[in-house]
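Everything on this sheet refers to the single structure shown next.
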Amino acid sequence: MKKFISITCVLFALLMVFAIPVGAAQAYTTYTYSIDGKPLYSPDAYTAEKTITASSMGLETQGKGELSALKDPSDMITDAVGNVYIADTGNDRILCLDKYYHLRFEIKSFINGEGVSDYFSKPEGIFVTEDRYEAGVLKYPGRIFVCDTQANRIVTFNLDGSFNSIIEAPESELFSENAIFWPVAMAVDAYERLYVVSSETNEGIIVMTDKGEFTAFIGAQQSALSVWDQIWRRFQTADQRAASANITSYPYNNISVNENGFIYASIYAPELKEQMESAITLKSKLGTYAPVKLLNPAGDEIMRRNGFWPPAGEIDYKNTGAGSVGEISRVEDVTCGPEGTWSIFDFERSKIFTYDYDGNLLFAFGDTGGQLGNIAEKSIRAICYQDDVFLVLDATGSITVFKRTEYGDVLIRALYHQNERLYDKAIDDWKEILMRNSNYDAAYIGIGQSLSRSGKYEEALEYYKAAYDTENYSVAYKELRKEWMSRFFLMIPLVIVIVCILLSKFLKHAAKINKAVSVSGKKHTFKDELYYVFHVMFHPMDGFWDLKHERRGSVRAALVYMFITVFALFYRAVGSGYVMDPQGTGNANILMQVLVVFVPVILFVIANWCLTTLFDGEGSFKDIFISVGYSVLPIAITTIPVTLFSNFVVNEELDILKLIIALGFIWAGMLIFFGTMVTHDYTMLKNLLITLFTIVGMAFIMFLGVLFTSLVMDMVSFVTNIVSEINYRL
C-alpha cells in the first residue's frame, strides 16, 4: 500500500511539472551595452504578461459567431485613458479597444461629408489626439486620424468613432513631378500641425494643417553620393543639386511625437546600409545616417547621442540575435514613452530597444520564437505604451502585453525625479538600481548628473569615471576647474610666463654652445653631441650635413634620444588624463614601448641602407642610424607636455592635444626625410622615391621575419614531436 502511494505521488508530481504551459516560459533576456559593444545582462524592465488574440478582443462576425481575425495590421496607438487603436489594414478597418483590450467599436464604413457611404482602402497609419482646452474653453476637440493609404488621403473621426472630415492630398510646387501622396504614418502636435510620412515622397516629412494646406518638408534624409557625384555636384547649379538630391533621397517609414512637440522619425534604406553601419562603428554623434532622428518643428535634427553607442538598435549585430545576423537593425517603428524615454523595434530580430532623452540605452529585450514574450521572426508590426504597459502588435493581429516590473518602476521613478530636479531622491533611486544591477552604466551617469546639478562636482567625477562617460565628466570637471582657477588666478599666468622664459633661455644656451663648438676645432664631447640635436631640429639641412661630415653626432647620443622617446611614450601610457584615455588602454609595459620605438627605426635603417647602397647613396649604416635617432626627439618633446596637460583638459580641448601630438610625429617624419636626403646627397624627388621604396622594404623584411619565425617554430615543433614519440616508444 505504501509503495502504491509513493508511486502515485511521483506520478502526480510529474504531471504537475509537465502540465505547466510551455508558452508561459520567458525565453528572452534583458541587456544593455558596454563601452566595448558587448551585451551586459540586467534585470527585466518589462515581462510578458499575456497575449491578446482576436477572440479575447471579442472580434466575432455579427450574427454568424465566426471569428473576424485581424489581417495584416500596420499600426497601433493608445490614448490618455488607455484605449487601443489598431489599423487593421488587410480588413480595411480601424479597431478601437478599451484599456482591457475588449472591442469598443470598429470603423469600416462611414458617411462622408457629401452624405455618401465611404470605405477605407488599406489604411496603414493611425493617430489620436485628446481634447485640448485653453482658459477652460475647448479649442481643439480630440480626433482619430487615419492614413487611408491607397485612397491617398487622411480621414478624421471624432473620439466616439463618428465621421469628422477628409483631408485630401496636399498640393505644392515643391512636390516632385508625378509625386504620389501615399500616407503610411502620421503624428499631430499640440497646435494641430500634421506631420505625415508618405512612402512615395522623398523630400522628407510632409507638414500640413488639419485643413490639408501644405506647409513645408522637414528632415529630408541626406543621400549617399559617390566621390564622383560629390565632385560633379560642385559644378552644378542650385536647381540641379536639388533635383539630384530628390532622386537619391529616401522616405521615412514611421513617426511619433513627444510631449514637447518634437518629432521622432525612423528610416530604413538598404542603400544607406554601409553609411549607417559606419555611423555605429565610429560612434557618430551626428544624425546624418542615423536610423532614428529627432526633429524640432523647423526640421532641425536635435537628438542627443550621449550614450556609448548611437541609438541604432543592435550594436553587436554580427553576433547577437536571430534573423539576419551580421546586419544592422532594421528599425520600422518608434514610439514615445514616459519621462522622455522612447523605444524602437528591430524588425529582423524582434527586439525592443529603449533609450532616454540623452540617447543612453536603458534596456533591450525580446527575441524570436514561439514562447510568451517572443515574437516570430520579422513579425512585429507596431509598438506603443499604455501607461506602465508596453504593447507589441504582430502580423497575426495578436497583441503581446508586457508589464513593467518593479525594477522598471524604479528606473522610471529615477528619471522622473531627475527631470523634476529632485536630485537627492534621484540618487537614492539610481543607487537602488545599482544594488540590483551593478553593471548598469546609466545609473552611474544618473547619480553623477544629480550630484553635478547639486554642485557636488568632485563626487560626480567618480561616478562618471565608473561609466566611462567623458561628456558629462568634462562638464563637471570644467566647473571644478573654474573653482581652482579662481583660487590661483594670478599664479597660473605667472607659471606660464616663467616656463616660456626658461624655455627661451635654454634654447639660447643650446644655440650658444652649438655655435662655440662649431668654431672651436676641439674634439666633441658627449655633452656637445647631445646639445646638437636642437640645431638639427630647427635647421635640418645644414644640421644633418654637419651631423655627417663634421661628426657632430654619435650613436650613443642617438640611442639616448631614442630612449627618451621610449620614456615619453611610456609616460603617455601611464600618465594620460581620464578624458584622453578613459578606459586606460595605454600599454604600460616598458618593454613594449622599447619595441614600438626601436623596431620601426631598425627596420627603416636596414631597408634604407640596403636600397641606397644600390642607388648611389653616400651614407653608411651608422650615418643613417644617427640621423634617424636624432630625428625622433620631436615625438618626445610634444608627447610629454601633452600628456601632462591631458590631466587638466575637457573633451572640447582634446582635439588641440591630439593635433600637437600629430605635429610632433609630422615634425619627426620630416626630419627623417630631410636627414636621409642630406646623408645620401639625393635630390628631393629621388629621396621621395627611395623613401617610398624603403617603406615597402620594411614591409618585406617584416614578412621575411614572420616567415622565418614560423619555419623555426614548425621545425622546433617537429623535433619536439619526434622526441616525444621516441620517449613514448621506449
Side-chain angles (χ1 to χ4, degrees), residues 36-38 318-319 553-574 576 581 583-633 635-636 639 661 664-665 668-669 671-673 675-676 679-680 682 687-730:
D36 299 319
K38 300 300 180 184
K318 294 183 179 178
N319 303 307
S554 65
V555 172
R556 58 184 179 178
L559 287 171
V560 167
Y561 291 125
M562 289 174 65
F563 276 110
I564 290 175
T565 305
V566 169
F567 168 77
L569 296 179
F570 178 73
Y571 173 56
R572 181 183 176 187
V574 300
S576 291
D581 188 17
Q583 293 180 266
T585 54
N587 197 318
N589 188 333
I590 187 68
L591 179 60
M592 183 58 66
Q593 302 300 339
V594 171
L595 294 176
V596 166
V597 174
F598 277 80
V599 170
V601 168
I602 292 173
L603 284 175
F604 181 88
V605 173
I606 293 174
N608 189 263
W609 177 71
C610 291
L611 282 169
T612 54
T613 53
L614 300 175
F615 292 95
D616 304 323
E618 297 181 2
S620 64
F621 186 92
K622 178 182 176 182
D623 294 333
I624 301 170
F625 182 82
I626 293 174
S627 69
V628 174
Y630 272 67
S631 300
V632 298
L633 187 60
I635 297 175
T639 299
I661 289 177
F665 278 90
L671 290 177
I672 291 173
F673 177 81
T676 54
T679 299
H680 298 297
Y682 282 160
N687 190 61
L688 178 61
L689 293 173
I690 292 297
T691 302
L692 293 175
F693 281 111
T694 298
I695 295 172
V696 175
M698 292 170 64
F700 182 69
I701 293 171
M702 289 179 62
F703 170 74
L704 291 179
V706 171
L707 182 62
F708 178 75
T709 303
S710 177
L711 289 174
V712 171
M713 293 297 293
D714 288 342
M715 291 176 62
V716 171
S717 177
F718 176 72
V719 173
T720 302
N721 289 337
I722 290 177
V723 173
S724 298
E725 184 68 20
I726 292 173
N727 290 335
Y728 176 77
R729 296 296 182 184
L730 293 177

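Just so you know, residue 1 is the first one in the sequence shown, and it goes up from there.
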So how far is it from Met715 CE to Thr720 OG1, rounded to the nearest 0.5 Å?
-> 11.0 Å
Evaluate the criterion side-chain contact (heavy atoms from CB on, under 4.5 Å) for residue pair Cys610 and Leu614; output intermediate values, then yes/no.
-> CA-CA 7 Å; Cys610 291; Leu614 300 175; over 6 Å; no
Enter the distance from Phe570:CZ to Ile590:CD1 here, rounded to the nearest 0.5 Å.
-> 5.0 Å
Whether Trp609 and Phe621 hold their rings parallel, tilted or perpendicular, with breakpoints at 30° and 60° = perpendicular
First locate atom CD of Gln593, then atom OG1 of Thr565, and finally report the distance between them rounded to the nearest 0.5 Å.
-> 11.0 Å
Can you tell which of Ile635, Ile602, Leu569 makes a side chain to side chain contact (heavy atoms under 4.5 Å, CB included) with Val597?
-> Leu569
Rounded to the nearest 0.5 Å, the CZ atom of Phe693 sits from the CG atom of Leu688 at a distance of 10.5 Å
Heavy-atom side-chain contact between Leu704 and Phe708 under 4.5 Å | no
Can you check whether Phe604 reaches Phe625 side chain to side chain, under 4.5 Å on heavy atoms?
-> no
Hey, what do you get for NZ (Lys622) to OG (Ser627), rounding to the nearest 0.5 Å?
-> 12.5 Å
For the residue pair Thr691 and Phe673, establish whether any side-chain heavy-atom pair is separated by less than 4.5 Å.
-> yes
Start with the C-alpha gap between Phe700 and Val696, add the side-chain angles, then the distance that decides, and say whether side-chain contact (heavy atoms from CB on, under 4.5 Å) holds.
-> CA-CA 6 Å; Phe700 182 69; Val696 175; 5.6 Å; no
Is the closest side-chain heavy-atom distance between Ser710 and Asp714 below 4.5 Å?
-> yes
Drop me the distance from Ile690's CD1 to Tyr682's OH, to the nearest 0.5 angstrom.
-> 4.5 Å
Hey, which of Asp623, Asn608, Asn687 is the one that makes side chain to side chain donor-acceptor pair (under 3.5 Å) with His680?
-> Asn608
So, does Ser717 use its side chain to make a donor-acceptor pair with the main chain of Met713 at under 3.5 Å?
-> no
